[in-house]
There are 2 protein chains.
Amino acid sequence: MDDISPIRAKSGTNQEGTSAHNRRVMIEALRLNGALSRADLARATQLTKQAVSNIIEDLESDGLVVALDSVRKGRGQPSTPYRLVPEGAFAIGLQIDRHLTRAVAVDLVGSVLARAEANLPFDEPSKGVEVILGLVGGVRRELSQIFAQSEERLVGLGVAMPGPFGLKNSDDKWMMPAWQKFPLLETLAKGTGLNVSLQNDAAACATAERIVGAAHGVDHAVCLYVGYGIGAGLILNGELYSGGHGNAGEIGMALLSPAGPGSTPLEHRASLASLYQHLGLNPADDDIYQQLDGLVTAEDPKIMAWIDGAAHDLRWSVHLIETIFDPQTVILTSGAPEALARRLVEAMHPLLPSIADRPGRNLPRLQLGTTDPWSIALGAAAAPISRAFDPRFSAILKTRSSST
Amino acid sequence: MDDISPIRAKSGTNQEGTSAHNRRVMIEALRLNGALSRADLARATQLTKQAVSNIIEDLESDGLVVALDSVRKGRGQPSTPYRLVPEGAFAIGLQIDRHLTRAVAVDLVGSVLARAEANLPFDEPSKGVEVILGLVGGVRRELSQIFAQSEERLVGLGVAMPGPFGLKNSDDKWMMPAWQKFPLLETLAKGTGLNVSLQNDAAACATAERIVGAAHGVDHAVCLYVGYGIGAGLILNGELYSGGHGNAGEIGMALLSPAGPGSTPLEHRASLASLYQHLGLNPADDDIYQQLDGLVTAEDPKIMAWIDGAAHDLRWSVHLIETIFDPQTVILTSGAPEALARRLVEAMHPLLPSIADRPGRNLPRLQLGTTDPWSIALGAAAAPISRAFDPRFSAILKTRSSST
DNA sequence: GCTATTAAGTCAATTCGCTTGACTTAATTA
DNA sequence: TAATTAAGTCAAGCGAATTGACTTAATAGC
C-alpha cells in the first residue's frame with residue numbers, strides 16, 4: 001500500500017477528475033431526489049445548463065439515466081425529467097456470518113434482484129470458500145437470466161463479515177479465528193474475477209441505510225447495529241468512515257455500560273448473543289427468528305426483562321455516540337425480528353439528555369432502521385455501487401500517470 | 001445556510017476547482033516534506049512535470065513558494081528545490097477561555113510571530129469583546145511592523161473556546177453561558193473585517209498538532225485534550241471532523257470511566273478543574289502553572305494520587321477512542337505543565353489491550369503532544385490557514401454560478 | 001385570441017488548465 | 001570524450017466547462 005517514494009503527498013487532479021466528479025454528482029442528485037430535469041440539475045449542482053446537458057447525454061448513452069415524459073409546471077417550455085435506470089449497474093453482496101452465508105445481487109438503486117443462502121462450516125474456510133463461490137455464482141446466473149447484460153455491468157463484490165480485522169491474536173471465541181487468517185479477499189477476487197471490498201457488518205448496515213434507508217441523504221449519521229455482536233457504522237461527511245485500518249466502530253467489546261455491578265461489555269448485555277444465552281436458545285436453530293418473534297408477541301417475561309436491560313445499556317450508548325460524533329441522527333438496526341427491535345427502541349425512550357437535544361432538529365435523535373435479516377448482505381452489495389457512483393474526494397484524484 | 005431549493009445535491013466542479021486543488025496539493029506536499037523539486041512534486045502528485053511547473057511558477061509569483069539553491073544528486077541535471085515562504089500568509093488565532101483570552105499571529109508554516117493575553121470578564125461578553133478586539137488589534141499591529149504586507153496576506157481569524165456550542169439550555173456552570181448566547185462571531189467579523197471561524201478547544205489542539213505537532217501528516221489521529229475541561233479533537237481522513245453541528249468530540253461530560261462507585265464523568269475526575277479542586281487551588285491565580293509544576297517536581301503525594309486516578313480513567317478513554325475510531329495514534333495534549341502531562345502519560349502505561357495493539361504499527365499508540373499553554377491559540381490560528389491552503393473536498397467544488 | 005413573458009434546452013465559439021512529445025540543459029558514468 | 005540519466009522547457013493539442021445568443025413551448029394578461 002505504501003508508496004515507493006518517501007514523499008508524502010495527495011494526488012492532483014485534471015479534467016478527467018472533474019468530469020468523473022460531475023457525473024457522480026448527477027447520479028447522486030437523481031438518487032436523492034427521484035427525477036430531475038437538466039435545468040433542475042444545473043441549479044442544484046451549480047453547473048451550467050450546457051454542462052449538465054452534455055453529462056446527461058453521456059449518462060443516457062451509458063444507460064445510467066433515462067428521460068421521462070415532459071411535464072409542464074407553469075410558464076416556459078416543459079421540462080424533461082430524468083431518472084436513474086436501475087439496471088444501469090449491478091453488484092453482488094456477500095454476508096459471511098458465524099453460522100451461515102448470504103449472497104444477493106442488487107441494482108443501481110439498491111433493489112435486491114436475487115438472493116441465496118447456505119450454512120457455512122465455522123472453522124473450515126477452505127471448504128467454506130467453495131460454498132461461497134457457489135452461492136455467488138448462483139445469484140450471478142439468476143441475475144443474468146433477468147438482465148442479459150448484467151455481467152458487463154457488474155461493478156464489484158462487496159463482503160461483510162464480523163470484525164475486527166487484522167489483529168494480532170484472533171483467539172476471541174466470539175470472532176471467527178480461522179476466517180480471520182484465511183486470505184479470503186484474494187481467493188474471492190480470483191474465484192469471481194470481480195473487484196472485492198470488505199467491511200464489517202455494522203458498516204454494511206450503515207451502507208444499506210444510506211442507499212435505501214433512514215440515512216438516505218444524511219451526511220452525519222451513526223448506525224447502531226444490534227446483531228449477534230454489536231457495532232456502529234459511521235457515516236461522517238456523507239461517507240462511510242472506516243478508520244485507519246478498517247476497524248472503526250467496533251464498539252461491542254468496549255465498556256459502554258456505566259452502571260451495573262462489575263461493568264460488563266455492551267456486547268455481553270445487549271447483543272442477540274446475550275439474548276440467546278439469557279433465553280437458553282440455540283442461535284443455530286433454523287427457526288430462531290420465529291421463536292424470538294413469538295416470544296415478543298406473547299410478551300414473555302424473560303424476553304421483556306432482557307429488553308429492559310439491553311435498552312438501559314443502549315440508552316447510554318446512544319448518549320455516548322451523540323456526545324462523540326454529534327450526528328444528525330442515530331439509527332438502530334438489528335438482525336432481530338422487527339417487533340423485538342421496535343420494543344427495544346421504545347424501551348430506550350426517554351433518551352438521556354445530551355447535546356443532541358437541541359432546538360431546530362429536523363430528524364429524530366433515534367430512529368428504527370431496517371430489521372430485514374438480509375440488510376447486511378444488501379449493505380455489502382451497496383458498497384461497490386457507492387464506490388463506483390457516489391461523489392467522493394478520492395474519485396476526483398488521479399490514480400496513475402505516465403510521468404513523462 | 002439551507003438552500004432555497006428543496007433539491008439536495010452536491011456541487012459540481014470545473015477547471016477552477018481542479019486548479020485550486022492542485023495548488024493546495026503542492027502546498028501540502030511542501031509542508032509535509034520540507035523542500036521538493038518540480039520533478040519530485042510531479043511524481044508525488046501524479047501530475048505532469050509541465051503542470052507542476054506552471055503551478056509552481058504561479059505560487060512563486062504569489063509569494064507562497066521560493067526556489068532554493070539547486071542540488072546535484074547523481075546523474076542528470078541538478079534539481080531546484082522549492083520550499084514554502086512562511087510570510088506568504090498569516091492568520092490570527094484567538095483563544096477565549098473562562099478567565100483569560102489570548103491572541104496570536106502565525107504565518108503560513110505555523111510559527112507564532114506575535115502574542116498577547118488579557119483577563120476576561122467571565123459574564124460580560126459585551127465588555128469582553130472590547131478587550132478581545134484590543135488584543136487582536138495589538139497582534140495585528142505588531143505583525144505588520146514585522147512584515148509590512150501582512151495585512152493583505154491575512155487569511156482569517158480563528159476562534160477557539162470551550163464548547164459545546166448552540167445548545168438549548170446553557171445553564172451548565174462549567175460552560176460560559178453568557179458567552180454562548182452572545183453573537184460573538186458576527187461581532188468579531190464586523191470588528192476586524194476578517195473571516196471568522198470557530199472551533200472548540202480540543203479541536204484547536206488537534207489543529208495545532210496537525211500543523212506543527214505529532215499529527216503532522218497523519219490522516220487518522222485523535223487528540224485527547226486535558227485542560228480545564230476534557231475533549232477530543234478528531235483528525236479523520238486527514239481533516240478535522242466537527243460533526244453535524246460542530247460539537248463532535250465533546251466527551252468531557254460523557255461517562256467514560258467504567259469503574260468507580262457511581263460512575264463520574266471523566267471531566268470530574270481527570271480534568272485540570274478536578275485537579276484544582278483536589279488540591280484546593282484557585283485556577284484564577286496568576287502563578288497556578290508554576291504552583292503545579294512545583295508540586296509535580298516535589299512529587300507531592302496529593303498530586304501523585306490525582307495523577308494515578310486520572311491516568312486510570314484516561315487509560316479507559318484511550319481504549320474507547322481506539323475502539324471507536326481505529327486511529328493511527330492518540331495524542332495527549334494538555335494545558336498543564338509539561339512535567340505533569342509527562343507523568344500522566346507515564347502513569348497511563350501500560351495501556352489496555354485494544355484493537356490498536358496490532359502488528360506492524362509505525363506510530364506509538366499514545367504520544368505526548370504539545371503542552372504549550374499557547375497551543376490552543378495556535379490551533380485557532382491554524383484553522384484559517386488550513387482552510388485556505390490544505391487540500392479538501394469542499395475546496396474543489398463550485399460555490400456560485402451565474403446560472404445562465 | 002393575440003402578445004408578452006417565462007423557462008427549458010440547444011448551438012457554436014471560447015476559455016483555461018492539464019497533457020503530450022520533442023527538445024534543451026547539466027550533471028555522472030564509463 | 002561519449003553515452004547516459006534526469007530536470008526542466010517549449011509549443012501544440014485536447015477536453016470539459018463556460019458564454020451568450022438562439023430556439024422551443026408553455027402560461028399570463030389584455
Side-chain angles (χ1 to χ4, degrees), chain A residues 5 7 11-26 35-60 65 67-82 396-404, chain B residues 5 7 11-26 35-60 65 67-82 396-404:
Chain A
S5 145
I7 299 178
S11 203
T13 187
N14 55 17
Q15 289 191 107
E16 258 179 84
T18 300
S19 168
H21 172 71
N22 287 347
R23 278 175 66 108
R24 285 166 182 255
V25 166
M26 299 296 153
L36 296 174
S37 68
R38 302 182 184 203
D40 288 335
L41 284 165
R43 277 185 296 266
T45 63
Q46 324 249 54
L47 292 172
T48 58
K49 286 187 299 184
Q50 190 56 56
V52 171
S53 256
N54 296 337
I55 294 166
I56 288 294
E57 196 180 357
D58 268 21
L59 292 175
E60 194 170 18
V65 308
L68 303 176
D69 290 341
S70 65
V71 295
R72 340 176 194 200
K73 36 182 174 178
R75 257 184 211 192
Q77 178 172 327
S79 65
T80 309
Y82 286 78
I396 296 183
L397 311 184
K398 289 186 71 173
T399 48
R400 289 182 299 165
S401 112
S402 47
S403 204
T404 329
Chain B
S5 148
I7 300 177
S11 204
T13 186
N14 55 16
Q15 289 191 104
E16 256 179 86
T18 300
S19 167
H21 171 71
N22 288 346
R23 280 174 64 109
R24 285 166 181 256
V25 166
M26 299 295 153
L36 295 174
S37 69
R38 301 182 184 202
D40 288 335
L41 284 165
R43 277 185 297 266
T45 62
Q46 323 251 56
L47 292 171
T48 58
K49 287 185 299 184
Q50 190 56 57
V52 171
S53 256
N54 295 337
I55 295 167
I56 289 293
E57 197 180 355
D58 268 19
L59 292 175
E60 193 169 18
V65 308
L68 304 177
D69 290 341
S70 66
V71 294
R72 338 175 198 200
K73 34 182 174 178
R75 259 185 207 189
Q77 177 172 328
S79 65
T80 308
Y82 286 77
I396 296 183
L397 310 183
K398 289 186 72 174
T399 48
R400 288 182 301 165
S401 110
S402 47
S403 202
T404 328

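Proteins come first, then strands; the chains are lettered A, B, ... in the order of their sequence lines, and each starts at number 1.
- Heavy-atom distances to DNA chain D give each of A:Gly74 and B:Ala39 a nearest nucleotide, and the one nearer the 5′ end belongs to B:Ala39.
- To the nearest 0.5 Å, atoms CG (B:Leu41) and CD1 (B:Ile56) are separated by 5.0 Å.
- Place A:Lys73 and A:Thr18 on DNA chain D by their nearest nucleotides, and A:Thr18 ends up nearer the 5' end.
- The side chain to side chain contact (heavy atoms under 4.5 Å, CB included) with A:Val52 is formed by just one residue from the set A:Arg43, A:Glu57, A:Arg38; it is A:Arg38.
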Let me have the donor-acceptor pairs involving side chains of residues 19-26 of chain B, under 3.5 Å, with sequence neighbours excluded, atom names and distances please.
unit_1: B:His21; atom_1: NE2; unit_2: A:Ser11; atom_2: O; d: 2.9
unit_1: B:Asn22; atom_1: OD1; unit_2: A:Thr13; atom_2: N; d: 2.7
unit_1: B:Asn22; atom_1: ND2; unit_2: A:Thr13; atom_2: O; d: 2.9
unit_1: B:Arg23; atom_1: NH1; unit_2: B:Asp62; atom_2: OD2; d: 3.1
unit_1: B:Arg23; atom_1: NH2; unit_2: B:Asp62; atom_2: OD2; d: 3.0
unit_1: B:Arg24; atom_1: NH1; unit_2: B:Arg387; atom_2: O; d: 3.0
unit_1: B:Arg24; atom_1: NH1; unit_2: B:Asp390; atom_2: O; d: 2.6
unit_1: B:Arg24; atom_1: NH2; unit_2: B:Arg387; atom_2: O; d: 3.1
unit_1: B:Arg24; atom_1: NH2; unit_2: B:Ala388; atom_2: O; d: 3.2

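- Counting to the nearest Å, the C1' atom of C:dA7 and the CZ atom of A:Arg43 are 8 Å from each other.
- Side-chain atoms of A:Gln50 and base atoms of C:dC11 include a donor and an acceptor less than 3.5 Å apart.
- In terms of heavy-atom proximity, A:Lys73 sits nearest to A:Ser79 at CE-OG, 3.1 Å.
- A:Asn14 has its CG atom 10 Å from the P atom of D:dA16, to the nearest Å.
- Atom CZ in A:Arg38 sits about 15 Å away from atom C1' in C:dA7, given to the nearest Å.
- Remark: P of D:dC22 and NZ of A:Lys49 are 14 Å apart, rounded to the nearest angstrom.
- Between A:Arg72 atom CZ and D:dA28 atom P there is a gap of 12 Å when expressed in whole angstrom units.
- Distances from the side chain of B:Ser19 to the nucleotides C:dA8, C:dG17, D:dG8 place C:dG17 closest.
- In this structure, A:Leu47 places its CG atom 14 Å from C1' of D:dT19, rounding to the nearest Å.
- Between B:Ser37 and D:dA7 there is no side-chain polar atom (N or O) within less than 4.0 angstrom of OP1 or OP2.
- Within 4.0 Å (heavy atoms only), B:Ser70 reaches no atom of the nucleic acid at all.
- Contacts of B:Thr80 with the nucleic acid, taken as non-hydrogen atoms under 4.0 Å apart, involve only primed sugar atoms and P, OP1 or OP2.
- In this entry the distance linking CD1 of A:Ile396 with P of D:dA16 reads 15 Å, nearest Å.
- Side-chain to base pairing of B:Gln15 with D:dG15: one donor and one acceptor N or O lie within less than 3.5 Å of each other.
- Summarising the geometry, atom CG belonging to B:Asn14 is positioned 7.5 Å from atom CG belonging to A:Leu47; distances are rounded to the nearest 0.5 Å.
- Remark: P of C:dG17 and CD1 of B:Ile55 are 10 Å apart, rounded to the nearest angstrom.
- Heavy-atom minimum distance, A:Ala67 versus A:Thr80: CB-CG2, 3.8 Å.
- For B:Asn54, the side-chain hydrogen bond (donor to acceptor under 3.5 Å, both in side chains) test picks out B:Gln50, with sequence neighbours left out.
- A donor-acceptor contact shorter than 3.5 Å is absent between the side chain of A:Asp58 and the backbone of A:Ile55.
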Paired and unpaired positions of DNA chain C as dot-bracket, Watson-Crick or G-U wobble under 3.5 Å, | denoting a partner strand: ||||||||||||||||||||||||||||||
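- If you check D:dA7, C:dC18, D:dA17 against the side chain of B:Asn22, the one that comes closest is C:dC18.
- Applying the side-chain hydrogen bond (donor to acceptor under 3.5 Å, both in side chains) rule to A:Thr45 yields no partners; only residues at least two apart in sequence or on another chain are considered.
- Residue-level contact check: A:Asn54 touches neither bases nor backbone, having no heavy atom under 4.0 Å from any strand.
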Review item, nucleotides 1-5 of chain D N/O atoms under 3.5 Å of protein N/O:
unit_1: D:dT4; atom_1: O3'; unit_2: B:Arg75; atom_2: NH1; d: 3.3
unit_1: D:dT5; atom_1: O2; unit_2: B:Gly76; atom_2: N; d: 3.0

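- Minimum atom distance to the side chain of B:Ser79 is reached by D:dG8, of the listed C:dT19, D:dG8, D:dT18.
- In terms of heavy-atom proximity, A:Ala35 sits nearest to A:Pro81 at CB-CB, 4.1 Å.
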